[in-house]
Structure formats: C-alpha cells, structure tokens
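FYI, side chains are in, hydrogens and waters are out, and symmetry mates aren't considered; it's all heavy atoms of this structure.
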Amino acid sequence: MKLRTLVFLNAFAVGISIAAVNLYFQHKWFYFAISLVIATIVSYFVFYYLIEKYVYSKIKVIYKMIHSLKLGKDLKDALGEYVSPDPINDVEQEVKEWARDKKLEIDDLKKQEQFRREFLSNISHEFKTPIFAIEGYVEALQDGAINEPELAQSFLNKVSSNVDRLSVLIKDLNEISRLETGEIPINYQKFEITALIKEVMESLELKAEKYKIKLIFKEKYDIPTWVKADKEKIRQVLVNLIDNSFKYGKENGSTFVTIFPLHDQYLIEITDDGMGVNEEHLPRLFERFYRTDSSRSRQIGGSGLGLAIVKHIVEAHHQTINVRSTQKLGSTFGFTIEKFKDNVINIPMINTDE
C-alpha cells in the first residue's frame, strides 16, 4: 500500500469519527459534512508530515540498504540509486528474499565446512597410510632385515610401491588445483571422437583382461564424429571412466562405450554391469576422495581423485557430466562434448552457359 493511500485512509477514519460526534450533538448533516472535510484534510497533512518524517523516511533507508546489499557494489554503481514507488510493501518482500538468500548462503557455508572437514580427514588418511607403511619397512630394515637380501628386497619393493602411491596422490591433487585455477589451458582442436575411443580401448585391452572384463564399443551410425575439444584431456577422461568401470565392474562382465548424437553435442556414455551404487551416494561421487565403500576402494587402489579430475576437465570444456546407477545392475557415466561446426557455407553454382 502506498504512503498517500495509507495516510488518506487514516485521515478519513479520523474525519468520520469527528463528524459522527458532531452529528450526535448538532443533529445537522451540513455540519457533519463540513467537519468531515476539514478533519480529513487537517488529519491528512498532519499524519503525512509525521509518518513521512519519523516512519517513512526510516523505511526508505532500510529498503535502500537491503536493496543495495542484494545488488552488490558493481550492480549498484551501474544502476545508480533506486527508489521504490512503494517501499512499505516492497521492504517486506525485500526482507523476506534477503533472509531466504542469507539462509541459503549459511546452508551452503555449512556444507562447505562439512566438505572441508571430510576432505582434510580423507587426505590425511590417504597420505598417512603409505607413510606409515614406509616408516614400518624402513624401521624393519634398520633393525636388521637389511642383512637378509631376499627380505630386504621385498621390503624395498613395498617401500617403492608406497612412494609411487604418494607420487600419484600429489600429482592428482596438483592437477585438480591447476584445473580449478585455470592454470592448465584447454587446447581446442578438431578430432574424430570415435577414433579416439578406439585408441583408448586398445590401450586398455591388457588391463581389461586382467580384470576379466570385455570392452564393447557400440557404434550406432557411420557418419563422422568430429568434435571440438582438447584431445589429450578427453583421452584422460575416457581412460579414467573406463578404468573406473574395471575397478567396480564384475568379473567376466562387460564395459560398454556408446555415442549418442545431440543437437550441438555428442553424449558419450561408459556403462558397466557391476554391483552399482546406492542412490544416496550419486550426488557425491565426483567429490575428491569420496568412496562409497572405503575398504574395497582402497584394496583396488587409485588416488580416489579420478572422478574429481574427470569432472573438472569436462566442466573446463563448459560441458556436463552425469551418473546414474542401479544396484546389482551397474552404473553409467555420461559426458557431453561439443560437435565441430564447419563454418564453410555452400553456395550453389550459377550456370553461365544459358
């Protein structure tokens, strides 16, 4: 409700009251009308002055502060000062929206704090395990195991294995950090995605045999699949996703790679027929060090950062990645990649012989 309307209603109510009292004592409608008009006009100006000075001006200041906080400094400078035509009503809406936004920000901060605690806990565990193992083998060697060549060699091999694990962890963490800060550039180029998938599958054949998993590439069409992306980064995405399907697939199972043409993109899906993932874990699968089954995951190996790296690479291409899974049936990871658009315009030939 606008200020003038609010003031008029209050002034009219006072005018009616005074006019009714006058009518009661005078018993004349003429005096009723005169007192109604005079009382309403006087009350209107008095109320307007008082409300404007002591209430309305304060509400406008509150509204401006909230409105400016919502816009931020840059938008405020760009748009200039904004005065609402009805701040009494608008301030209520602004306060509600502001309170809702702040609640969402607080909830988001709580989630980030929870994620930070979990991340620190996970990363300390990931580093602590190989470091403790290295310390144990080194102490055993210092205590005399070095004098037994076969045992010493076995311990040194295990130390080397744990050092390699630490090296992989540090390398993957560094890569994620550089992807997040944009230090690793995306070198866009034109290449044939079908050919790249075949290359990756050939390079992983021996690993597939080790896990007793059959690799199947489902080609649904024969047209060229030219895309625009960073070829080596997309190779890394494919390797990580297919390798992940080996680790969580079932023995004598299969991994399927499929391409689906979309409007301006291709959708590439990697599907396994393993045990699948519980639905509650799906939103967090791409978090760093997040494991659905910690004991099994650590037995399988890996840094726990593969899916996080995949997500960062795909998002650096301004594309999307998703996962769906059904327990005891398997999981499907899908990501989009931009189609290469040929800008050459075919102009029909003009017959000049006529």
S.K.: Residues two or more places apart in sequence or in another chain: which of them pass salt bridge (Lys or Arg N to Asp or Glu O under 4.0 Å) with E315?
M.R.: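 In terms of salt bridge (Lys or Arg N to Asp or Glu O under 4.0 Å), with neighbours along the sequence ignored, E315 is linked to K311.
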
S.K.: Applying side chain to side chain contact (heavy atoms under 4.5 Å, CB included) to E251 and Y211, what does each step give before you reach the verdict?
M.R.: CA-CA 6 Å; E251 191 172 327; Y211 285 99; over 6 Å; no

S.K.: Do M275 and L285 land in one hydrophobic cluster if side-chain heavy atoms of ILVMFWY residues count as linked below 4.5 Å?
M.R.: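 Looking at the clustering, L285 is in a separate group from M275.
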
S.K.: Heavy-atom distance under 4.5 Å between the side chains of I242 and V257, does that happen here?
M.R.: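 Yes, their side chains come closer than 4.5 Å.
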
S.K.: Do I38 and I18 make a side-chain contact, defined as non-hydrogen atoms from C-beta onward lying under 4.5 Å apart?
M.R.: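 Answer no - side chains too far apart.
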
S.K.: Under 4.5 Å between side-chain heavy atoms, counting indirect links through other Ile/Leu/Val/Met/Phe/Trp/Tyr residues: same cluster for I146 and L151 or not?
M.R.: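 Yes: a chain of side-chain contacts under 4.5 Å links I146 to L151.
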
S.K.: Among the clusters formed by ILVMFWY side chains lying less than 4.5 Å apart, do L238 and I186 turn up in the same one?
M.R.: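 L238 does not cluster with I186.
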
S.K.: Report yes if the side chains of E269 and F260 come closer than 4.5 Å at any heavy-atom pair, otherwise no.
M.R.: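 When only atoms from C-beta onward are counted, F260 and E269 do touch, with a gap below 4.5 Å.
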
S.K.: Tell me whether D273 contacts the main-chain N or O of S254 through its side chain, where contact means a donor paired with an acceptor under 3.5 Å.
M.R.: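 Yes.
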
S.K.: Check whether any side-chain N or O of D243 sits under 3.5 Å from a backbone N or O of V239 as a donor-acceptor pair, and report yes or no.
M.R.: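 Here the side-chain-to-backbone pair does not exist.
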
S.K.: Identify the heavy atoms of T255 and S245 that sit nearest to each other, and give their distance.
M.R.: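 Scanning both residues, the minimum pair turns out to be OG1-OG, 2.9 Å.
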
S.K.: Can you find a heavy atom in the side chain of R235 that is under 4.5 Å from one in the side chain of E199?
M.R.: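 Of all side-chain heavy-atom pairs linking E199 with R235, at least one is under 4.5 Å.
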
S.K.: Does the S43 side chain pair with the main chain of T40, one donor and one acceptor, at a distance under 3.5 Å?
M.R.: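 Not at all, since once roles are kept as given, no pair shorter than 3.5 Å links the two residues.
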
S.K.: May I ask you to check whether over 12 heavy atoms, not counting those of K190, lie within 6.0 Å of atom NZ?
M.R.: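 Enclosed.
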
S.K.: In terms of the angle between their ring planes, are W29 and F32 parallel, tilted or perpendicular, with boundaries placed at 30° and 60°?
M.R.: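 Perpendicular, since the angle between the ring planes exceeds 60°.
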
S.K.: Share the residues that join I216 in a hydrophobic cluster, the rule being Ile, Leu, Val, Met, Phe, Trp or Tyr side chains under 4.5 Å apart at the heavy-atom level.
M.R.: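 Taking Ile, Leu, Val, Met, Phe, Trp and Tyr as members, I216 shares its hydrophobic cluster with F256.
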
S.K.: Report yes if some heavy atom in the side chain of L307 is under 4.5 Å from a heavy atom in the side chain of F333; otherwise report no.
M.R.: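 SC-SC contact between L307 and F333 confirmed.
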
S.K.: Determine whether E192 and K231 satisfy the following criterion, salt bridge (charged side-chain N to carboxylate O under 4.0 Å, His left out), listing intermediate values before the conclusion.
M.R.: CA-CA 9 Å; E192 221 278 322; K231 186 174 181 179; over 6 Å; no

S.K.: Indicate yes or no for a side-chain donor-acceptor contact from D230 to the backbone of K233 under 3.5 Å, with no hydrogens or angles considered.
M.R.: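 Yes; judged by distance alone, with no hydrogens or angles, the pair exists.
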
S.K.: May I ask you to decide if G276's main-chain N or O and S325's side chain share a donor-acceptor pair within less than 3.5 Å?
M.R.: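 Checking the backbone N and O of G276 against the side chain of S325, no donor-acceptor pair under 3.5 Å is found.
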
S.K.: Of all heavy-atom pairs between F191 and L196, which one has the smallest distance, and what is that distance?
M.R.: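 So the two residues come closest at CE1-CD2, 3.6 Å.
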
S.K.: Looking at OG of S167 and CG of N162, how far apart are the two atoms once the value is rounded to the nearest 0.5 Å?
M.R.: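 Here the interatomic distance stands at 12.5 Å.
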
S.K.: Nearest 0.5 angstrom please: L9 CG to T5 OG1, how far?
M.R.: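 With rounding to 0.5 Å, CG (L9) is 6.5 Å from OG1 (T5).
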
S.K.: Please examine the side chains of E338 and D264, heavy atoms only from C-beta on, and report whether any two atoms are closer than 4.5 Å.
M.R.: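 A side-chain contact is absent here, since even the closest heavy-atom pair is not under 4.5 Å.
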
S.K.: Kindly compute the distance separating CD (E279) from CG (L282), expressed to the nearest 0.5 Å.
M.R.: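 Between atom CD of E279 and atom CG of L282 there are 6.5 Å.
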
S.K.: Can a donor-acceptor pair be found between the side chains of Q319 and Q265 at a distance below 3.5 Å?
M.R.: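 The answer is yes; a qualifying pair exists.
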
S.K.: Please report the shortest heavy-atom distance between L36 and G15, naming the atom on each side.
M.R.: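 Minimum heavy-atom separation between L36 and G15: CD1-C, 3.4 Å.
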
S.K.: Minimum heavy-atom separation for L166 to P130, with atom names?
M.R.: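 Minimum heavy-atom contact is CD2-CG, 3.6 Å.
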
S.K.: Any chance you could measure E139, atom CD, to I134, atom CD1, to the nearest 0.5 Å?
M.R.: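 With rounding to 0.5 Å, CD (E139) is 12.0 Å from CD1 (I134).
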
S.K.: Taking I170 as the starting point, is it possible to reach I309 by hopping between hydrophobic residues whose side chains are less than 4.5 Å apart?
M.R.: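 Same cluster: I309 reaches I170 through Ile, Leu, Val, Met, Phe, Trp or Tyr contacts under 4.5 Å.
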
S.K.: Would you mind telling me which of T271, N322, T258, T326 makes a side chain to side chain donor-acceptor pair (under 3.5 Å) with T332?
M.R.: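 With T332 as partner, side chain to side chain donor-acceptor pair (under 3.5 Å) holds for just one option, T271.
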
S.K.: Can you name the closest pair of heavy atoms from G306 and N240 and give their distance?
M.R.: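 Closest pair (atom of G306, atom of N240, distance): O-ND2, 3.5 Å.
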
S.K.: Let's go through V277 and Q327 carefully: what are the C-alpha distance in whole Å and the side-chain angles of both, what is the deciding distance for side chain to side chain contact (heavy atoms under 4.5 Å, CB included) to 0.1 Å, and is it a yes or a no?
M.R.: CA-CA 6 Å; V277 178; Q327 284 193 303; over 6 Å; no

S.K.: Are L329 and F246 connected into the same hydrophobic cluster when the rule is that any two of I, L, V, M, F, W, Y join if their side-chain heavy atoms are below 4.5 Å apart?
M.R.: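 Unlinked, F246 and L329 end up in two clusters.
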
S.K.: Where is the tightest heavy-atom contact between I213 and G249, given as atom of each residue plus distance?
M.R.: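 Smallest interatomic distance, heavy atoms only, reads CD1-CA, 4.3 Å.
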
S.K.: Rounded to the nearest 0.5 Å, what separation is found between the CD atom of E209 and the CG atom of L215?
M.R.: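 E209 CD to L215 CG: 9.5 Å, rounded to 0.5 Å.
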
S.K.: Using the side chain to side chain contact (heavy atoms under 4.5 Å, CB included) rule, take K210 and L206 through it: C-alpha gap first, then chi angles, then the decisive distance, then the call.
M.R.: CA-CA 6 Å; K210 173 186 172 184; L206 291 177; over 6 Å; no

S.K.: Given side chains that start at C-beta, do those of F155 and V138 come closer than 4.5 Å, heavy atoms only?
M.R.: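 No; the side chains remain at least 4.5 Å from each other.
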
S.K.: Drop me the distance from I313's CD1 to F335's CZ, to the nearest 0.5 angstrom.
M.R.: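 I313 CD1 to F335 CZ: 10.0 Å, rounded to 0.5 Å.
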
S.K.: Is it true that a side-chain atom of H317 and a backbone atom of I337 form a donor plus acceptor pair closer than 3.5 Å?
M.R.: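 Checked: no pair found.
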
S.K.: Sequence neighbours excluded, which residues qualify as salt bridge (Lys or Arg N to Asp or Glu O under 4.0 Å) partners of E202?
M.R.: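 So E202 forms no salt bridge (Lys or Arg N to Asp or Glu O under 4.0 Å) with any residue.
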
S.K.: Has Y188 got more than 12 heavy atoms of other residues, nucleotides or ligands less than 6.0 Å from its OH?
M.R.: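 Above 12, so yes.
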
S.K.: Do I193 and I259 pass the side chain to side chain contact (heavy atoms under 4.5 Å, CB included) test, and can you show the C-alpha distance, the side-chain angles, and the key distance before you say yes or no?
M.R.: CA-CA 9 Å; I193 188 64; I259 301 179; 4.1 Å; yes

S.K.: Do N10 and Y44 have side-chain heavy atoms sitting under 4.5 Å apart?
M.R.: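 Not touching, per the 4.5 Å side-chain cut-off.
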
S.K.: Just checking, K339 and Y266: is the charged tip under 6.0 Å from the six-membered ring centre and within 45° of the axis?
M.R.: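 Yes - K339 lies over the ring of Y266, closer than 6.0 Å to its centre and within 45° of its axis.
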
S.K.: Is it the case that the side chain of S154 and the backbone of E150 share a donor-acceptor pair, with hydrogens and angles ignored and the cut-off at 3.5 Å?
M.R.: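 Flag not set: sc S154 to bb E150 has no pair under 3.5 Å.
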
